[in-house]
**Q** 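Before I ask anything, here is the structure I am working with.
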Amino acid sequence: MISKLETAAHPETLRRVAIEPVSRVEGHGKVTILLDENNQVQQVRLHIVEFRGFEKFIEGRPYWEVPVMVQRLCGICPVSHNLAASKALDLIVGAKQITPTAEKVRRLMHYGQILQSHALHLYHLCSPDLLFGFDSDVALRNIVGIVQRYPDAAKRGILLRKYGQEVIRITSGKRVHGTGSIPGGINKSLSIEERNVLKKDIDEIVAWGLQSVQMVKDLHGQHPALYDNFGSFRSSMMSLAGQGGALDFYGGTLRVRDAAGALLFDGVDDQQYESLIEEEVKAWTYMKFPYLKSIGSENGWYRVGPLSRIQNCDFIGTALAERERLEFISYSDGPMHAPLGYHWTRMIELLHAAEVIRELLDDPDLLGQDLVVKGERGYEGVGVIEAPRGTLIHHYQVDDHDLVTMCNLIVSTTHNNQAMNEAIRTVARQYLSGNQITEGLLNHVEVAIRAFDPCLSCATHALGKMPLIAELVDAEGRLVHSLTRE
């Protein structure tokens with residue numbers, strides 16, 4: 001594992017290049033690159049420049065409001081936050097085991113979320129780079145260009161996402177920011193008519209999932225030197241592992257492998273995540289830096305998401321996706337660390353989600369009416385799921401008045417913070433050092449960020465005190481007063 005980003009010795013003497021904003025990602029961020037007089041890269045940093053503060057303003061709210069409130073973090077993956085909060089608050093209402101109907105409807109909702117989010121990311125956000133080339137004309141490198149040049153792929157991406165959104169609508173009440181999952185269970189199951197609507201197209205969705213995997217495999221086959229080496233760096237990998245080591249997006253225990261693929265931790269209960277992970281803050285970004293406590297902040301960082309999950313699990317419980325997983329594993333001599341490998345593994349997960357949805361739609365429990373469980377009142381709960389972008393942790397404490405007294409969120413993009421910084425530093429040194437800077441070369445840096453499918457809005461939470469400068473200026477722009485907190 002390589003060490004953390006170094007700090008340039010004399011940044012004031014270096015030329016600064018900024019990519020602001022980073023495009024085709026969710027949320028707002030920028031990249032700063034410091035170059036010396038020979039255009040050699042000296043420092044590269046990903047800055048998250050928006051701050052939303054959910055961890056603080058959740059405090060003092062009744063706990064039953066939280067699953068609906070926290071999903072406002074994001075319009076792309078609201079289901080992930082709704083479910084993680086619900087799982088944490090199951091423990092507050094004493095629902096140590098929710099009903100089969102509640103769990104399966106939640107799973108259906110979640111796998112619909114995985115399907116739509118993965119389709120959105122590959123086809124809408126990343127395919128312009130992958131199909132046209134990183135240096136291609138910026139006027140062409142967008143979803144409109146894909147529709148014009150690759151209409152079949154564009155249609156496939158649009159309809160895959162539409163189907164996933166329909167799963168979410170039916171299970172949660174709305175395509176975005178639904179209310180289906182609540183502490184202790186769910187507030188609605190499926191009707192026979194709703195189930196049949198989803199069953200009608202699911203075989204075609206599975207077939208499109210296979211085509212999506214094949215599209216990315218073909219890109220690896222056509223450009224192996226690029227896909228195997230672009231921005232590659234070694235790191236540990238973390239994810240949930242389900243029963244028997246299965247790939248499971250909804251439940252399981254925490255598992256971590258080192259860069260060589262050997263197990264570092266396995267079977268860590270999600271309620272004990274604090275024994276495994278710690279976080280630190282840096283002054284130049286609003287996003288935290290998690291690391292493994294036992295290793296330390298310098299070398300204990302890791303990555304999450306599809307590239308970690310597919311290599312961390314022992315098997316996938318659906319036939320087509322398992323076949324594709326085995327092919328992916330055999331592709332490399334040891335774990336794959338190249339960021340572009342995220343796209344291949346993401347499509348394997350999309351295929352798996354489609355297969356799981358097909359299986360669930362034949363389960364009669366989806367139509368059940370036993371929806372909510374309550375038991376002995378609790379005061380603290382942790383909910384962990386695998387969101388589309390990686391491991392998502394929600395942690396709450398509640399007082400006797402049912403008000404939230406503590407909220408800690410570690411979202412997928414936060415787990416990947418150091419990994420994304422390592423990726424852009426590697427790419428910058430591979431492609432920018434010593435060269436005249438062009439838009440196409442700068443897009444290489446953005447390509448590395450997009451591979452992680454970051455949701456920068458979800459990741460903007462502060463831990464402890466962060467530097468803050470507040471300035472008051474008059475109508476002519478003159479500084480009247482300023483306050484600084486270091």
**Q** Are any non-hydrogen side-chain atoms of Arg72 and Pro78 less than 4.5 angstrom apart?
**A** no
**Q** Are any side-chain N or O atoms of Asn443 and backbone N or O atoms of Glu446, one a donor and one an acceptor, separated by less than 3.5 Å?
**A** no
**Q** Would you call the rings of Tyr111 and His352 parallel, tilted or perpendicular if under 30° counts as parallel and over 60° as perpendicular?
**A** perpendicular
**Q** Regarding His47 and Tyr286, is there a side-chain donor-to-acceptor distance under 3.5 Å anywhere?
**A** no
**Q** Any heavy-atom pair between the side chains of Ile33 and Leu432 that's under 4.5 Å?
**A** yes
**Q** Would you please test Tyr291 and Glu280 for side chain to side chain donor-acceptor pair (under 3.5 Å) and show each step?
**A** CA-CA 8 Å; Tyr291 60 90; Glu280 65 176 346; 5.7 Å; no
**Q** Does Asp137 use its side chain to pair, donor to acceptor, with the backbone of Ala139 at less than 3.5 Å?
**A** yes
**Q** Can you check whether Ile348 reaches Leu351 side chain to side chain, under 4.5 Å on heavy atoms?
**A** no
**Q** Can you measure from CG (Asn408) to CD (Glu55) and round to the nearest 0.5 angstrom?
**A** 5.0 Å
**Q** With a 4.5 Å heavy-atom cut-off, do Leu159 and Trp208 have their side chains touching?
**A** yes
**Q** Which atoms form the tightest heavy-atom contact between Asn82 and Pro67, and what is the distance?
**A** ND2-O, 3.1 Å
**Q** Going by ring pair (Phe, Tyr, Trp, His ring centres under 6.0 Å), name the residues that satisfy it together with His444, two or more places apart in sequence or in a different chain.
**A** Phe134, Tyr431
**Q** For the atom pair CD (Gln418) and CE (Met287), what is the distance rounded to the nearest 0.5 Å?
**A** 10.0 Å
**Q** Can you find a heavy atom in the side chain of Arg24 that is under 4.5 Å from one in the side chain of Asp129?
**A** yes
**Q** So do the side chains of Val31 and Val44 get within less than 4.5 Å of each other, counting heavy atoms only?
**A** yes
**Q** Flag this pair as yes if the NZ/CZ of Arg257 is under 6.0 angstrom from the six-membered ring centre of Tyr302 and inside a 45 degree cone about the axis; otherwise no.
**A** no
**Q** Quick one: do Arg15 and Glu37 make a salt bridge, cutoff under 4.0 Å?
**A** no
**Q** Does atom NZ of Lys293 have more than 12 heavy-atom neighbours from other groups under 6.0 Å away?
**A** yes
**Q** Can a salt bridge be assigned to the pair Arg141 and Glu439 using a cut-off of 4.0 Å between side-chain N and carboxylate O?
**A** yes
**Q** Hey, what do you get for CG (Leu35) to OG (Ser433), rounding to the nearest 0.5 Å?
**A** 7.5 Å
**Q** For Lys162, look at atom NZ and say whether over 12 heavy atoms of other residues, nucleotides or ligands are found less than 6.0 Å away.
**A** no
**Q** Using a 4.5 Å cut-off on heavy atoms from C-beta on, say whether the side chain of Met109 contacts that of Ser172.
**A** yes
**Q** Can you confirm whether the side chains of Ser235 and Glu422 place a donor and an acceptor under 3.5 Å from each other?
**A** no
**Q** How close do Ser239 and Thr391 get, heavy atom to heavy atom, and via which atoms?
**A** CA-OG1, 3.6 Å
**Q** Specify the closest pair of heavy atoms between Ser275 and Val268, including all atoms of both residues, with the distance to one decimal.
**A** OG-CG1, 4.5 Å
**Q** With side-chain contact (heavy atoms from CB on, under 4.5 Å) as the test, pick out the partner of Glu349 among Glu386, His118, Glu324, Arg325.
**A** His118
**Q** Flag the pair Phe328 / Trp344 as yes when their ring centroid distance falls below 6.0 Å, and as no otherwise.
**A** yes
**Q** For Glu103, check salt bridge (charged side-chain N to carboxylate O under 4.0 Å, His left out) against everything at least two apart and list the hits.
**A** Arg107
**Q** What about the rings of His343 and His121, do their centers lie closer together than 6.0 Å?
**A** yes
**Q** If the condition is ring pair (Phe, Tyr, Trp, His ring centres under 6.0 Å), which residues does Tyr342 pass it with, not counting sequence neighbours?
**A** Phe452
**Q** Which pair of heavy atoms, one from Gly112 and one from Val167, lies closest together, and at what distance?
**A** CA-CG1, 3.8 Å
**Q** Could you pull out all residues at least two apart from Phe265 that satisfy ring pair (Phe, Tyr, Trp, His ring centres under 6.0 Å)?
**A** none
**Q** Can you list the steps and then say if Arg45 with Thr32 is a side chain to side chain donor-acceptor pair (under 3.5 Å)?
**A** CA-CA 5 Å; Arg45 284 175 171 173; Thr32 57; over 6 Å; no
**Q** Establish, from distance only, whether the side-chain atoms of Arg175 and Gln165 form a donor-acceptor pair under 3.5 Å.
**A** no
**Q** Suppose we screen for ring pair (Phe, Tyr, Trp, His ring centres under 6.0 Å). Which residues come up paired with His394, at least two apart in sequence or across chains?
**A** His81, Tyr396
**Q** Side chains of Val22 and Arg450: closer than 4.5 Å at any heavy-atom pair?
**A** no
**Q** List for me each residue that meets salt bridge (charged side-chain N to carboxylate O under 4.0 Å, His left out) alongside Arg389, sequence neighbours excluded, and say none if there are none.
**A** Glu26, Asp453
**Q** Using distance alone, with no hydrogens and no angle criterion, decide if Gln222 and Asp218 have a side-chain donor and acceptor under 3.5 Å apart.
**A** no
**Q** Can we call the ring centroids of Tyr150 and Phe132 under 6.0 Å apart?
**A** yes
**Q** Between Asn421 and Asn417 (side chain of the first, backbone of the second, donor and acceptor by atom type, cut-off under 3.5 Å), is there such a pair?
**A** yes
**Q** In terms of side-chain heavy atoms, does Ser308 have a donor or acceptor partner in Arg303 at a distance below 3.5 Å?
**A** no
**Q** Is the shortest side-chain N to carboxylate O distance from Asp314 to Arg255 below 4.0 Å?
**A** yes
